[in-house]
Amino acid sequence: MLESAQNLIRTIGERMGYEKSKIEQFIAPEMAFEFSIPLEKEDGTTEVLTGYRIQHNSSRGPYKGGIRFHQDTSREEVQALAILMSIKTAVANIPMGGGKGGVRVNPKKLTQSELKQLSKRFAAKLAHVIGEDIDIPAPDVNTNATIMQWMLEEYEKIHGKKEPAAFTGKSVSNGGSLGRTEATGYGGVIALQELLHKLQPNKQSKVTVAIQGFGNVGYYFAKAAVCEGHTVVAVSDSKGAITGNGSDNGLDIPLVHECKKKQGSVCDSTKGKTISNDDLLELPVDVLVPAALENVIHEKNMEKIQAKIIVEMANGPTTEAARQYLISKGVLILPDVLANAGGVIVSYLEWVQGKQGIWWTQADVINRLNEIMRASFEDIWSHSKKQSVDLTTAAFEVAIQRLLSPK
Ligand code: GLU
């Protein structure tokens with residue numbers, strides 16, 4: 001993923017006429033931290049974990065991006081995701097840069113107190129190189145509002161002052177913003193609605209949707225899609241996938257959600273039929289939504305994808321080869337740096353509120369999210385039409401222009 005992100009920027013940057021050295025300077029992270037985190041386990045043993053924070057670009061504002069806890073997290077992955085954050089914040093046109101963090105660990109194997117200790121030690125390691133005007137972390141894969149709160153507590157203890165805007169994605173009772181939890185999923189549906197409207201301006205299109213990943217992002221995407229009158233016919237999680245078997249094959253999203261909460265997997269819903277994760281990606285639906293991890297659409301399955309629209313809610317879910325192939329087949333890809341920007345947009349709104357000590361209503365936040373998402377969609381769509389390029393290329397061109405030659 002790192003190589004393809006870098007190569008995409010090189011190709012696009014050179015075509016736009018930027019000097020090679022300027023592009024290379026942009027690609028390299030401004031700062032990279034790799035550090036050990038000793039974790040004292042409840043069984044008395046100590047495990048030494050590796051943590052990362054890559055501060056990629058700050059030319060438009062403080063570094064911004066999530067922290068993930070995952071067993072496959074690596075320096076390369078975090079660096080690639082940090083680059084994507086710089087592109088994403090520029091696409092959204094918010095005054096922030098790009099960064100990313102992570103720990104190579106399977107958090108599902110940790111107890112709650114081990115998870116808390118890990119979060120606090122991670123924050124302690126970074127306490128002197130982050131902050132509300134420097135670098136503002138947020139949740140990502142397997143991290144959440146509770147983890148942000150633990151990290152903020154440790155950060156504030158070290159600095160001896162309150163600084164709620166140093167982390168975003170906190171719970172509302174701890175200085176978070178209303179609407180942040182739903183933001184990424186809702187933002188994706190706002191972008192999808194804009195796209196459908198461009199494709200058929202005189203019609204309220206109703207589409208069938210398959211969602212790979214039913215975590216925070218997938219769930220709120222499903223919920224908002226159903227509100228818009230679409231039919232979610234399949235969802236999956238790491239344990240398997242489920243498809244509806246009623247008259248329209250639609251799933252009862254609240255029921256599936258309830259079931260996942262109770263039993264830990266979407267597959268246990270009584271109303272659905274179980275299929276494999278691979279089957280889900282290849283279903284004959286209008287819209288496919290990868291909302292979990294990177295590189296799930298690749299050379300081995302790209303020919304079997306039947307959806308006409310892909311909404312990339314995960315970061316980097318389509319490999320470069322698969323992207324090129326699918327575009328050549330006429331598939332419309334709504335790129336991650338636009339489709340999933342709702343999360344960082346509401347993080348930005350949370351930061352603005354936290355810095356000023358004022359709190360907006362949920363409706364206020366969602367209205368602002370709507371405005372920013374729509375404006376970014378319009379920028380990318382009109383650029384893609386003007387330059388006759390696909391939406392991913394258009395997003396990268398607009399972002400690179402904003403980052404490398406600001407007005
Ligand atoms: N982790 C999210 C992303 O990849 C949100 C980042 C943020 O809010 O800073 O966009």
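For ligands, and for the atoms within them, numbers begin at 1 and follow the listed sequence.
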**Matching residue for E350 among K64, K355, R368, K170 - test: salt bridge (Lys or Arg N to Asp or Glu O under 4.0 Å)** =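 Running salt bridge (Lys or Arg N to Asp or Glu O under 4.0 Å) over K64, K355, R368, K170 with E350 returns exactly one hit, K170.
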
Modelled atom types, side-chain donor and acceptor of [X] and [Y], under 3.5 Å:
X: Y348; Y: T89; answer: no
X: S171; Y: Q149; answer: no
X: E299; Y: T319; answer: no
X: E397; Y: Q401; answer: no
X: S276; Y: D278; answer: no

**Request:** Could you pull out every protein residue that has a heavy atom closer than 4.0 Å to ligand 1, ordered by chain and then number?
**Result:**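 Shell around ligand 1 (4.0 Å, heavy atoms): K64, G65, G66, M85, K88, K100, A138, P139, D140, R180, N315, G343, V344, S347.
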
